[in-house]
Structures are given as structure tokens and as C-alpha cells.
Amino acid sequence: SMATVAGYKAVIIAAERLPKMFPLLMTAAGTVPPAKVLVLGAGVAGLMAIATARRLGAVVEAYDVRAAAGQDVKSLGAKFLEVDLGGIETQDAGGYAKELSEEALQRGRDMVAKHAATSDVIITTAQIPGRRAPLMLTEAAIASMRPGSVVVDLAAGTGGNCPLTKPGENVVQNGVTIMGPLNLPSTAPLHASQLYSRNLVSFLSLVQSGGALKIDMNDEILKGACVAYQGGSLHPKVAAALGQPVG
């Protein structure tokens, strides 16, 4: 739910910063071409960014290492950019992107750099749970962008998808603004709070029954959220971080 808010607000702040309008306009004073937006990462935040940019009239392209995300991107009216990763498995059982090899990541960066040169706005959302955000937008790609272009890096809090990103700051490089917002959901506190509180109520309804604690480890939601169980079983990611066995 917070990613939904962040994806929406990312487009709004990019549109405010961009010295252009988003939609195609055909007027007596001339024709204004639509802005071109590139979204990196087609998870919840990325899909919301795509939908918002499309509503504002932009032409949108999107890239995600997960080929399965292509259908979602196309359903929103955006073009999905595909890269041949040689059959590498790119998502885990929960649907999140896996950490890829450097070679696979480089193939994606090369393709992104080509499309960055013609983009007015780039919104990056690529993150891997429990890991540093992958580098998706290189300094060379930024250098190829036109002055006045805007990058909004939603992965700023986990290292950023661009090496020029500074968490919580706006950086201008060769006329390109790189924004690294840290807490966009807080800029829409009413709906962010409503969505988050609904999540908490729904979650708590799973862990209790009649006021008594009820942990069903066959429930995928509870299993994925449980750090430790009955003094022995650790969540795989927690166990890996502590160097402990899972069981």
C-alpha cells in the first residue's frame, strides 16, 4: 500500500519539476508533443507510476527483469522493454525480483541507457528485499539525457538505482535533476494512513481468534512474516543474516 502511494507521488513530483507538460496538445499556437516517461521496475510502485503517467498523457515505457511483469505493463497502455537474460530465473516464489548476476544486470543497463537518451522522466523503483538496490541507471545513461530531464529514484533509501542519487536530496548533473525522496507516502498522509491501518487490521485478524493468539504456519502470509517460531524455526532471511540454520 505504501508503494502505491510512492509510485503515484513520484510521477507528481517529476511532473512538477519537468519544464514541460505531460500530454500531447494540438492548439492554434502549435503542437506540444507528449512527455516520454521510462519506469524501471514494474512492481506495485512501478505499475502505479505507469498508470499515473499515462493518466497525465505521457508516452510510457517500462522495464523489469521479470518477463512475467510484461503483461501488467501492457495492460496499462505502456510499452514493455525486454532483454534476453538467457533463461535466468528472475523472480522468487513470492513474485519478487531475485538478485541477478552482474552480467545479467549489465544487459539490462545497456538497454536502459539507450532508452534513457530519449526520455524526459525516468522513475526507478527496482529493489530486492533485504539487499542493496541494484544499479540500473548508470552515470553514462544520465549523461545521455537532455538538460531539464528528471530522474526520481524511489530506491534512494536502499542505496539507489543510480550512483548519483543522494538520499533525501535533489542533485543536478549536466542539467538533469536526480531526486532521491525518502518517504513519499508521508506526503499523502490521509490515504497512506487509511491504507496502512487497513493492512494492520487485516493482519491482526489472522494472528488472533477470540482474543487468543493463533499462528497458522500453513498460512503463507503468516509464514512469510514470522521471524521465529516456538524457539527454533527462523525465517530464512533472518537465519541467513545471523548465520544460523533455518530449522
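Worth knowing before you read on, the calculation uses all heavy atoms, side chains too, and leaves out hydrogens, waters and symmetry mates.
Under the 4.5 Å side-chain criterion, counting only non-hydrogen atoms from C-beta, Arg17 is in contact with Asn170. Using a 4.5 Å heavy-atom threshold, the side chains of Val73 and Asp64 count as separate. By the 4.5 Å heavy-atom criterion applied to side chains, Leu137 and Ile142 are counted as neighbours. With contacts defined as side-chain heavy-atom distances shorter than 4.5 Å, the pair Thr125/Asn161 does not qualify. Proximity of Ile13 to Pro181: side-chain heavy atoms (C-beta onward) are separated by under 4.5 Å at one or more points. In this structure, the side chains of Val171 and Thr165 stay at 4.5 Å or more apart for every pair of heavy atoms. Here the side chains of Leu47 and Ile50 are in contact, with some heavy-atom distance below 4.5 Å.
Across Ala188 and Val5, no two heavy atoms sit closer than the pair CB-CG1, 3.8 Å. The two residues Leu154 and Ala6 come nearest to each other via the heavy atoms CD1-O, 3.9 Å.
Between the Ser197 side chain and the Gln194 main chain, a donor and an acceptor come within less than 3.5 Å of each other. No donor-acceptor pair closer than 3.5 Å links the side chain of His235 to the backbone N or O of Ala225. Under the 3.5 Å distance criterion, the side-chain polar atoms of Ser144 are matched with a main-chain donor or acceptor of Ala141. In terms of modelled atom types and a separation under 3.5 Å, the side chain of Gln208 and the main chain of Gly211 share a donor-acceptor contact.
Distance CG/Leu38 to CD1/Ile122: 5.0 Å, rounded to 0.5 Å. Within the model, atoms OG of Ser205 and NZ of Lys214 stand 8.0 Å from one another, a figure rounded to the nearest 0.5 Å. In this structure, CG in Asp153 is found 9.5 Å from CD1 in Ile178, a value given to the nearest 0.5 Å. Annotation: the span from Asn174 atom CG to Met145 atom CE amounts to 11.5 Å, rounded to 0.5 Å. Between the CD1 atom of Ile215 and the OG atom of Ser209 there is a distance of 11.5 Å, given to the nearest 0.5 Å. Taking CE of Met179 as the reference point, atom NZ of Lys166 lies at 15.0 Å (rounded to 0.5 Å).
Under the rule for a salt bridge (charged side-chain N to carboxylate O under 4.0 Å, His left out), the partners of Arg109 that lie at least two apart in sequence or sit in another chain are Glu102.
Note on residues 110-120: pairs passing salt bridge (charged side-chain N to carboxylate O under 4.0 Å, His left out), not counting sequence neighbours, are Lys20-Asp120, Asp120-Arg146.
Leu222 and Leu234 fall into different hydrophobic clusters, defined by Ile, Leu, Val, Met, Phe, Trp and Tyr side-chain heavy atoms under 4.5 Å apart, directly or through other members. Taken together through direct or relayed side-chain contacts under 4.5 Å among Ile, Leu, Val, Met, Phe, Trp and Tyr, Leu164 and Val152 form parts of separate hydrophobic clusters.
Enclosure of atom CZ in Phe80 by more than 12 non-hydrogen atoms of other residues, nucleotides or ligands within 6.0 angstrom is indicated. For Ile221, the CD1 atom is loosely surrounded, since the number of other residues' heavy atoms within 6.0 Å does not exceed 12.
Put simply, the residue from Met136, Glu82, His115 that forms a side chain to side chain contact (heavy atoms under 4.5 Å, CB included) with Tyr63 is Met136.
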